[in-house]
Amino acid sequence: MTEPRKARVATVSLAGCFGCHMAILDIDERLIALMERVEFDRSPLTDIKTFNRRCDIGIIEGGCCNEENVHTLIDFRKNCDVLIALGQCAIMGGLPAMRNAIMHSADPLRECLEEAYLTGPYLRNTTRLIPNDPVLPLILDKVYPCSEIVDIDYQIPGCAPSGDIIFSTLVALLDGKFTGFERETLRFD
Amino acid sequence: MTTETKVAYPPDAEIMAISASFGNDHHRMLDILLAVQEARRCISPSTMDTIAAAVGVTRIAVEGVASFYSFLSLAPKGRVTIRLCDDIVDRFSGLDAVVAAFEAELGIKMGETSADHGFSLDFTPCIGLCDQAPAAMINDVVATRLTAERATAIARALKRGLSAAEALVADHDVLSPYQRVRALVENNIRRPGEVLLGPVPEDAGLHAAAAMAPSAIIDAVEASGLRGCGGAGFTTGRKWRFAANAPSDRRFVICNADEGEPGTFKDRVVLTERADLVFEGMTIAARAVGAREGILYLRGEYVYLHEHLQAGLAARRARGGLGADFDIRIQMGAGAYICGEEGALISSCEGLPGEPKTRPPFPVTRGYLGHPTVVNNVETFAHVARILDRGAAWFNAIGTDKSHGTKLFSVSGDCTRPGVYELPYGLTLRELLSLAGAEDAAAVQVGGPSGTMVGRDSLDRRLTFDDLATGGAVIVFSARRNILEIVDYYMSFFVHESCGYCTPCRVGNVFLKKAIEKFRKGQANDDDIAYLKDLSATIIETSRCGLGMTSPKPVLSSLKNFPLVYSALTKPSKDGIKATFDIQSAISGARDIAKRRSYIFDKDFSK
Ligand SMILES: Cc1cc2nc3c(=O)[nH]c(=O)nc-3n(C[C@H](O)[C@H](O)[C@H](O)COP(=O)(O)O)c2cc1C
Ligand code: SF4
Ligand code: SF4
């Protein structure tokens, strides 16, 4: 009998603040135990930027605010068996989705960009331009939660989720014993 | 802008006189504001100050009431305000053409007031005239069976300076209040029954009750098996007993004539044809529970019945038909469905915004002004008068085991004989539909939006409290109608009518409506069906009053009885990617702003 191979985990931060990735590190010394069972593949933690092989678990931080987020998310869905939305932004759009509240405008996207770069009262933008470099991905009409774009298998709540809930969820999934969250952990603070 | 820090408005004699005519009593705030609205066509900031000072409350308390009710407005309304009923039945009966005709003739759009303040055009939910839709309120009268031609003719007459009554009823000034009501509105009584709409003797029930001890009256009402006709179906005798036993030196009897559930118009007919029976029932209730004061809460939409009811009440008072120490006043509502909920109704009678009260305590122990209060539906009181006349056993023998007596059904929608049917409880839906000429019904909304939407497989179910319950509404839809359009409309009704007090109802119903819109746009997937059920369960479980507890029912009952309508519109994910997400429409705005194409998703980008 051969040793079972370690589960391959990929992670990415889309429209998030990297707080959820920092929270992964809050697993603290239990990381050592976790690393006995998993290896990180495509992830900012390893600096691997593309999928070279199929992964078991994909962890997504952040929702989708631009076309590149969508592209990356779809790439994750295609290359991972199980997809986890980690944190409020991935689950519901989070803070970036505040721009979705600009809805009573004929052109909400333009209004949003103009306020961010031209008309906002606390701005210092010496170019007086809205950035439009060709390498910048086009932004979406609104910020989408991941589940509106691809099927998401699990959602870990929190902003950021605690190291405890990330650790216990991953371990339960690896053991095939995940049965959902306790009611008191379903919160976003 | 002036530089003054505090604007002092001159005291306004007319407003002060209105307030004084209601004893400067803050409990009569709604009456005061309705009178001010009538006189000034709006409740302006200065009048709010004047009223606040006169009745001794804060300005914000006045504004809280003024801004709650849709028939009170903070901005000036036209001399003539036309409120078109935009219920789903009206929409299916040619409302669009009527709207277009009014807009064209008056030169304003819906929601606008003309520059000369001659006219305002608004939509309003069901005004209780579904059997003669499309219909509209024009100031304090109503116009029925509208067509584009009729709308144009009415608008022209109004523009010539005729009053609304003059424009709608020839010789209106020589008619009695009852005749005027009949000239405006058809009764459409299709089937009178033996209890209410057949011949009834005058005051026979009251004479019988006068000879009985109060507790014996309650015993009789309880023995008859009468249950409330307003929707919830609570046993009337038990309710009265609670109120009679609650210790207090003051008790009240309130008749709920708010009839706001879309598709319900049976109380309208009872108030037109059997008002005396309703007052008689209230008087009997007063004797039974020991009340000296009664209120009939009449929905704002039925203001055209006001004079007729006042006249009936005056005649009754004159002949001693209210008993020695009991009197009734009529409280006008002002366009808020939630005021049919008994707690909200009591708040409204107390001059407050129409918000429900926390239960318990129930109104039978702490109701109007904190005193034990019996609230019953119009039809319930009318039944009481007949029960006291003919006896509990007679009433008990009609109907079924658990649903006794007759019930008034108001049938409307796609049927050839819309109107009111008085029938014993226990007939099947199929029997009612065949009487109403609705044999080809594809969907029936039983009990209005807060009731149940059923399909053809339910036609043999019985109209009773324990099978298909209804406060009266039976709305018929033929196969031509779009089920989700109906559900969407009913959700918009609840969104509009939520009092806003609690979040699950105020916000949850908006989300529910948005989810239904997703289905209608073909953007829903299987998860959305689970979401509908989940969200509905949350709203039902956590809402504060009956509105929120029933508002998801159009969604839930259509999901249960028309599952194929939903599944036909869902798009399953392909390879884990949602078919409902459209990247092209998501980036089209940014493409226009950036003036370039997508290097990821626009295939021809590299060319
Ligand atoms: C949102 C809502 C609206 C209601 N509207 C009415 C109404 O228009 N007329 C009515 O009689 N009861 C209405 N009710 C029911 C009343 O709260 C109350 O149960 C009823 O008036 C009691 O009278 P009954 O026992 O004679 O039916 C409504 C309830 C809710 C929750
Ligand atoms: S959920 Fe919170 S911590 Fe995570 S990316 Fe969003 S804002 Fe940052
Ligand atoms: S459930 Fe709706 S109508 Fe009832 S109190 Fe809450 S917000 Fe108001």
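Proteins come first, then strands; the chains are lettered A, B, ... in the order of their sequence lines, and each starts at number 1.
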Is it the case that over 12 heavy atoms from other parts of the model lie below 6.0 angstrom from the CE atom of A/Met22?
no
Rounded to the nearest 0.5 Å, what's the gap from CG on A/Leu140 to CZ on B/Phe581? Could you check?
5.5 Å
Is it the backbone or the side chain of A/Arg110 that comes under 4.5 Å from a heavy atom of chain B, or both, or neither?
both
Quick check on A/Met98: does its CE atom have over 12 non-hydrogen neighbours (other residues, nucleotides or ligands) under 6.0 Å away?
no
Does atom NZ of B/Lys518 have more than 12 heavy-atom neighbours from other groups under 6.0 Å away?
yes
Picking from A/Pro108, A/Cys64, A/Pro137, which has the most non-hydrogen pairs under 4.5 angstrom with chain B?
A/Pro137
Are there over 12 heavy-atom neighbours, none belonging to B/Lys514, within less than 6.0 Å of that residue's NZ?
no
Answer key: most heavy-atom pairs under 4.5 Å with chain A among B/Ala586, B/Ala579, B/Ser588, B/Ser585 is B/Ala586
Output the option from B/Gly576, B/Gly589, B/Ala594, B/Ala590 having the highest count of non-hydrogen pairs under 4.5 Å with chain A.
B/Gly576
Testing the basics here: between B/Arg596 and A/Asp133, what is the closest heavy-atom pair and its distance to 0.1 Å?
NH2-O, 3.4 Å
Assess whether atom CD of A/Glu115 is packed by more than 12 heavy atoms of other residues, nucleotides or ligands within 6.0 Å.
no
List the atom of A/Val135, the atom of B/Tyr599, and the distance in Å for their closest heavy-atom pair.
O-OH, 3.7 Å
Could you tell me whether A/Tyr117 atom OH has more than 12 heavy atoms of other residues or ligands within 6.0 Å of it?
no
For B/Asp575 and A/Lys78, what are the C-alpha separation, side-chain angles and deciding distance, and is it a side-chain contact (heavy atoms from CB on, under 4.5 Å)?
CA-CA 8 Å; B/Asp575 300 329; A/Lys78 286 182 177 157; over 6 Å; no
Contacting region of B/Ile577 [heavy-atom separation from chain A under 4.5 Å]
both
From the list A/Ile74, A/Asp107, A/Leu73, A/Leu109, the residue making the most non-hydrogen contacts under 4.5 Å with chain B is A/Leu109
Working to the nearest 0.5 angstrom, can you tell me the gap between B/Ile583 CD1 and A/Leu138 CG?
9.0 Å
So does B/Gln584 have more than 12 non-hydrogen atoms from other groups sitting under 6.0 Å from CD?
yes
Under 4.5 Å between any side-chain heavy atoms of B/Lys578 and A/Val150, yes or no?
no
d(B/Ile593 CD1, A/Ile130 CD1) to nearest 0.5 Å is 7.0 Å
Please round to the nearest 0.5 Å and tell me the distance separating atom CD1 of A/Ile152 and atom CG of B/Asp527.
10.5 Å
Find the distance between CD1 (B/Ile587) and CD1 (A/Ile139) and round it off to the nearest 0.5 Å.
12.0 Å
Give a yes or no on whether A/Arg5 atom CZ has more than 12 heavy-atom contacts from other residues, nucleotides or ligands under 6.0 Å away.
yes
